[in-house]
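One-based numbering, in listed order, for ligands and for the atoms of each. Numbering starts at 1 and runs along the sequence shown.
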Amino acid sequence: MSEDGIEASHASDTQAHPADSLGLGIKEMRLLAHWAVDRVLDHFEHGARGPAIRESSSAELLAALGGPAPEEPGDPLQAMETLVDVALANMQHGDHPRYFARIPGPSSFAGVLGDWLGTGFNAIAASWPGGSGPATAELVVLDWLRCLFGMPDGTEGVLASGGSLANITGLIVARKMAGAGVAYLSEQTHTSITRGLVAVGFPPEHIRVLASDAQFRLDVDCVRAAIDEDRAAGRRPGFVIATAGTTNCGAVDPLGALADLCAAEDLWLHVDGAYGAPAVLCDAGRAALDGIERADSLVVDPHKWLFQPYDIGCLLVRRAGALADTFHMSPEYLTGASTGQGEVDFRDRSLELSRRARALKLWLSFRIYGLGRMRAAIARGIELAEYAESVVQADARWELVTPAQLGIVTFARPGATAADHAARADALARDGYAAVTSTALRGRPVLRLCTINPRTTEDDIASTLERLAAWPGS
Ligand code: PLP
């Protein structure tokens, strides 16, 4: 694409147009960019020596970051240093090898590079004419994910900011396709789903939160009984919402049996695999997730166990055309080149119009690392949880509550209260050594490790458990 005319006009453009829309010069931009790259590399190289989490008071943070919006330009390096040393220093470092709380974010460098490039080029993935390259990258990664999960050809998808939005987007599609009806879920279902159902107008009688079984899984018999009860009461059953890897303890609902039930009852099966679905890549996870390929809609969060920086969630929908049937729009001010076969306007697949090209980072990560490395990294997370389980089992100060499941293990101090567990977790977080979650399983206070960072060592786990057990340090 180097016609002389175009090159000549580009050359004069370079003189006519400053590099930065708000006036930084190119030399200064390079200097600042290299500084930023070095800080990020320092983070990757040395971040593990720093805290896993750090929090400061609002007053301290506002003293450094607040004040009136500056009228005059400031010193860029000074501002960037403040950003790194204050804003970026005070947060959970989900990529730290001893960040075991919530769902860690063990972001990989290739993911960062992909995000940087997309942001640097201000990539947009809203319409085909406006971003055919980014849209193709999105179609490609969606199809890679579809294949990994074993969903059939024709399955379509869309990337969203994360699991909450991907889940609710899927449930909006489900309701559009299947009509209004009752949704069945368990008390272990991620709360963003219940919140989302309410927000999109499911009435309370259409949200059936059922008690999970002894292993914290959605109980098929319980769902069947609730369906019968609803039909008898004149309500229309509509959707089963299964979880493939619960946030609390990594439990996987009985996906195959739920898929059978949905087939028999003509219900839509939505599977929330935001956390656990990537485990299909390795042998141990694949067995646990058997049946995931039968979902009508499936969510996975690459910013969790596919090693991507925030934000990227993914929704896959089995029925071709369902996304566009739900979200298509074509106002006169958006008309452009018409889309042909294989050309997708992603604005038609969710509630977003202007949208970041989230696929770029995942595309680059697959290309740079290959599936093999991702597989090994996921398998390592599962092994680390099994190691944590063995340490807990060998220590009389702990009681195992749920075994290692998809990278999560829960345990308790015999007889301990929630306050005792929370104090132990807080003490670890306060000195920044590690971050763990204090939660409850059906009312029982537990501590919880999520070990999906492949950079974590066995020592990291053993020392974290030791400090937790030894608190307040005798
Ligand atoms: N679903 C599950 C199972 C999760 O674990 C989470 C978050 O941890 C979500 C949904 C929500 O994902 P996000 O935080 O990306 O919105």
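Residue-ligand proximity, Ala274 to ligand 1, at heavy-atom distances under 4.0 Å covers atoms 1 (N), 2 (C), 10 (C). Listed by number with element, the atoms of ligand 1 under 4.0 angstrom from any heavy atom of Asp301 are 12 (O), 13 (P), 15 (O). Within the listing of ligand 1, atoms 2 (C), 3 (C), 4 (C), 5 (O) sit less than 4.0 angstrom from a heavy atom of Thr247. Near His303, meaning under 4.0 Å from one of its heavy atoms, ligand 1 places the atoms 15 (O). Close approach of ligand 1 to Lys304 (heavy-atom distance below 4.0 Å) involves ligand atoms 6 (C), 7 (C), 8 (O), 12 (O), 13 (P), 14 (O), 15 (O).
Side-chain polar atoms of Thr439 and Asn248 form a donor-acceptor pair below 3.5 angstrom.
Heavy-atom minimum distance, Glu138 versus Leu159: OE2-N, 3.0 Å.
Other residues, nucleotides and ligands place no more than 12 heavy atoms under 6.0 Å from the CD atom of Glu55. The environment of CZ in Arg195 is sparse: at most 12 heavy-atom neighbours from other residues, nucleotides or ligands sit within 6.0 Å. Sparse packing is recorded around CZ of Phe121, with 12 or fewer heavy atoms of other residues, nucleotides or ligands lying under 6.0 Å away.
Every heavy atom of Arg102 sits 4.0 Å or more from the atoms of ligand 1.
The pair Arg356-Asp115 counts as a salt bridge, with a side-chain nitrogen and a carboxylate oxygen less than 4.0 angstrom apart.
Counting heavy atoms closer than 4.0 Å to ligand 1, residue Asn167 contributes side-chain atoms (C-beta onward) but none from N, CA, C or O.
Here's the thing with Gly163: one of its N/O atoms is less than 3.5 angstrom from an N/O atom of ligand 1.
Of all protein heavy atoms, the one lying nearest to atom 2 (C) of ligand 1 is Asp272 OD2, 3.4 Å. The protein heavy atom nearest to atom 16 (O) of ligand 1 is Ser164 OG, 2.6 Å.
The shortest distance between side-chain heavy atoms of Phe307 and Pro278 does not fall below 4.5 Å.
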